Amino acid sequence: MTRLSGPATWALLLMMVSASYGCRRGTDTAHLTAIQTIKSAGIDVVLLSDHDAIRHGKDMFVIEFKSP
């Protein structure tokens, strides 16, 4: 696994936050199931889906960033 440098990690995180913010408008996450949670630099990154897994095709998923 390749490890990113500090600035590259923050740039990637900022890009992901920007993309998820633009796509999330109007999305209710209460009914979604957490598929995977990863802790990175004091932030929990959670992958949420309507199903128990991400399916190929027209499945929807949400990436949520939480501060503990």
Side-chain angles (χ1 to χ4, degrees):
M1 184 173 187
T2 304
R3 188 171 181 115
L4 297 174
S5 65
T9 301
W10 285 110
L12 180 61
L13 184 60
L14 180 61
M15 223 172 30
M16 289 172 48
V17 169
S18 299
S20 67
Y21 178 75
C23 297
R24 184 168 182 220
R25 284 181 256 139
T27 303
D28 179 23
T29 60
H31 69 281
L32 299 177
T33 304
I35 304 297
Q36 185 170 4
T37 301
I38 299 173
K39 296 180 188 233
S40 176
I43 296 174
D44 292 341
V45 181
V46 184
L47 179 65
L48 302 163
S49 177
D50 284 337
H51 309 288
D52 292 334
I54 299 295
R55 299 177 183 168
H56 183 72
K58 296 182 179 181
D59 200 4
M60 184 201 73
F61 66 91
V62 174
I63 299 174
E64 183 176 74
F65 299 92
K66 294 181 179 180
S67 176

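Nothing here was measured: the structure is a model prediction, and the numbers come from that model. Values below: all heavy atoms of this structure, side chains included; hydrogens, waters and symmetry mates excluded.
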Trainee: What's the separation between atom CZ in F61 and atom CG in L48, rounded to the nearest 0.5 Å?
Mentor: 10.5 Å
Trainee: So do the side chains of H31 and D50 get within less than 4.5 Å of each other, counting heavy atoms only?
Mentor: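 Sidechains of D50 and H31: in contact.
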Trainee: Mind listing the closest non-hydrogen atom pair of D44 and K39 along with its distance?
Mentor: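 Closest approach of D44 to K39: OD1-CG, 3.0 Å.
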Trainee: Using 0.5 Å steps for rounding, measure from the CD atom of E64 to the CG atom of L32.
Mentor: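 Reported value, rounded in 0.5 Å steps: 8.5 Å.
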Trainee: Just to verify, what does I35 make a side chain to side chain contact (heavy atoms under 4.5 Å, CB included) with, not counting sequence neighbours?
Mentor: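 I35: side chain to side chain contact (heavy atoms under 4.5 Å, CB included) contacts with L47, S49.
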